[in-house]
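Owing to the predicted nature of the structure, the values given are computational and were not obtained by experimental measurement.
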Amino acid sequence: MLEIDTLRFLYDGFPMDYSLAAPTGSCVALIGPSGGGKTTLLHLVAGFNQAVSGRLYFNGRDLLALPPEDRPCTMLFQEHNLFPHLTCTQNIGLGLNPGLKLTSEDHRAIQEALTRVGLAGFGDRLPRQLSGGQRQRVSLARSLVRRRPLLLLD
């Protein structure tokens, strides 16, 4: 369960407070106007922004004490964040190993993720050879191979 209890962030001195409980296995959508703080909340959960007060727990574990790389989440950003000189397979592989030292099991996971997002056979293509929607699906595949229990889709 994800528990957010009066989590406060100061944006240019303006306080933004969040509270939320999301049971394990649930899918939660944040709806609101542009500039309403949806991305900020995701960044707080991921550890990219720091809260000034409040509590953030996942399955009873305090996430505020953890750096982003140790949190049980993966963030899919609004922009694709693909490296233009890397193939789809390599861009996805970055989610498993930033140095791209990939095992045969990693390569199987990448191919499975490409299939899951409808891009089987696209592994050798560069981002410029894909449509915008296809690039977004490569980013989604990279998020899926990380196998983290919290998937934050911005």
Side-chain angles (χ1 to χ4, degrees), residues 1-84 86 88-103 105-119 127 132-154:
M1 169 177 276
L2 177 65
E3 299 172 82
I4 301 169
D5 182 23
T6 321
L7 198 62
R8 175 168 278 199
F9 178 74
L10 296 177
Y11 183 79
D12 289 335
F14 178 78
M16 302 173 78
D17 295 314
Y18 301 95
S19 291
L20 170 78
T24 300
S26 65
C27 180
V28 177
L30 302 173
I31 300 171
S34 293
K38 301 176 299 292
T39 296
T40 299
L41 175 57
L42 296 179
H43 284 202
L44 286 165
V45 173
F48 304 138
N49 289 343
Q50 298 302 311
V52 295
S53 63
R55 298 172 3 128
L56 175 62
Y57 285 88
F58 180 69
N59 291 339
R61 185 176 182 198
D62 182 4
L63 297 186
L64 292 178
L66 300 176
E69 64 271 15
D70 292 337
R71 295 190 182 196
C73 58
T74 294
M75 176 105 175
L76 178 61
F77 297 95
Q78 290 179 25
E79 292 298 319
H80 316 303
N81 289 330
L82 299 179
F83 289 92
L86 298 179
C88 292
T89 295
Q90 291 168 323
N91 269 290
I92 295 167
L94 291 172
L96 295 168
N97 184 305
L100 290 176
K101 293 178 171 68
L102 303 172
T103 66
E105 184 178 317
D106 292 338
H107 282 285
R108 278 192 299 278
I110 291 167
Q111 293 310 311
E112 179 184 312
L114 281 166
T115 298
R116 287 179 71 192
V117 300
L119 293 176
Q134 290 169 329
R135 288 192 297 271
Q136 188 65 33
R137 287 187 279 154
V138 171
S139 295
L140 178 59
R142 180 175 52 210
S143 296
L144 294 174
V145 297
R146 290 178 42 82
R147 299 187 196 277
R148 299 285 176 104
L150 289 174
L151 181 58
L152 309 174
L153 306 173
D154 193 14

Undergrad: With sequence neighbours left out, write down each residue that passes side-chain contact (heavy atoms from CB on, under 4.5 Å) with Gln90, or none if nothing qualifies.
TA: Leu86, Thr87, Leu100
Undergrad: For Pro68, enumerate each residue passing the side-chain contact (heavy atoms from CB on, under 4.5 Å) test, keeping only those at least two apart in sequence or located in another chain.
TA: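 Scan of Pro68 (side-chain contact (heavy atoms from CB on, under 4.5 Å), adjacent residues dropped) gives Phe48.
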Undergrad: Quick one: list whatever passes side chain to side chain donor-acceptor pair (under 3.5 Å) with Gln136, sequence neighbours left out.
TA: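 If we apply the side chain to side chain donor-acceptor pair (under 3.5 Å) test to Gln136, skipping adjacent residues, the hits are His80.
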Undergrad: Kindly write out the residues that satisfy side chain to side chain donor-acceptor pair (under 3.5 Å) with Asn49, not counting sequence neighbours, or none if the list is empty.
TA: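 Per chain and number, Asn49 pairs via side chain to side chain donor-acceptor pair (under 3.5 Å) with no residue.
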Undergrad: Got a sec, which residues hit side-chain contact (heavy atoms from CB on, under 4.5 Å) with Ser34, two or more places apart in sequence or on another chain?
TA: none
Undergrad: Could you tell me which residues satisfy side chain to side chain donor-acceptor pair (under 3.5 Å) with Thr74, sequence neighbours excluded, listed by chain and number?
TA: Arg146
Undergrad: Pairs in or reaching into residues 40-51: which pass salt bridge (charged side-chain N to carboxylate O under 4.0 Å, His left out), with residues at least two apart or in two chains?
TA: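 Salt bridge (charged side-chain N to carboxylate O under 4.0 Å, His left out) check on residues 40-51 returns no pairs.
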Undergrad: Is a side-chain N or O of Asn59 found less than 3.5 angstrom from the main chain of Met1, in a donor-acceptor match?
TA: yes
Undergrad: For atom CD of Glu105, is the number of surrounding heavy atoms from other residues, nucleotides or ligands below 6.0 Å larger than 12?
TA: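 No - once you tally the heavy atoms of other residues, nucleotides and ligands closer than 6.0 Å, there are 12 at most.
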Undergrad: Can you pull out every side-chain hydrogen bond (donor to acceptor under 3.5 Å, both in side chains) where at least one residue sits in residues 93-103? Sequence neighbours excluded, please.
TA: Thr103-Asp106
Undergrad: For residues 4-13, please give each side-chain donor-acceptor pair under 3.5 Å, one per line with the distance, not counting sequence neighbours.
TA:
unit_1: Arg8; atom_1: NE; unit_2: Asp17; atom_2: OD1; d: 2.6
unit_1: Arg8; atom_1: NH2; unit_2: Asp17; atom_2: OD1; d: 3.4
unit_1: Arg8; atom_1: NH2; unit_2: Asp17; atom_2: OD2; d: 2.7

Undergrad: According to side-chain contact (heavy atoms from CB on, under 4.5 Å), who are the partners of Arg61, at least two apart in sequence or on a separate chain?
TA: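 If we apply the side-chain contact (heavy atoms from CB on, under 4.5 Å) test to Arg61, skipping adjacent residues, the hits are Leu66.
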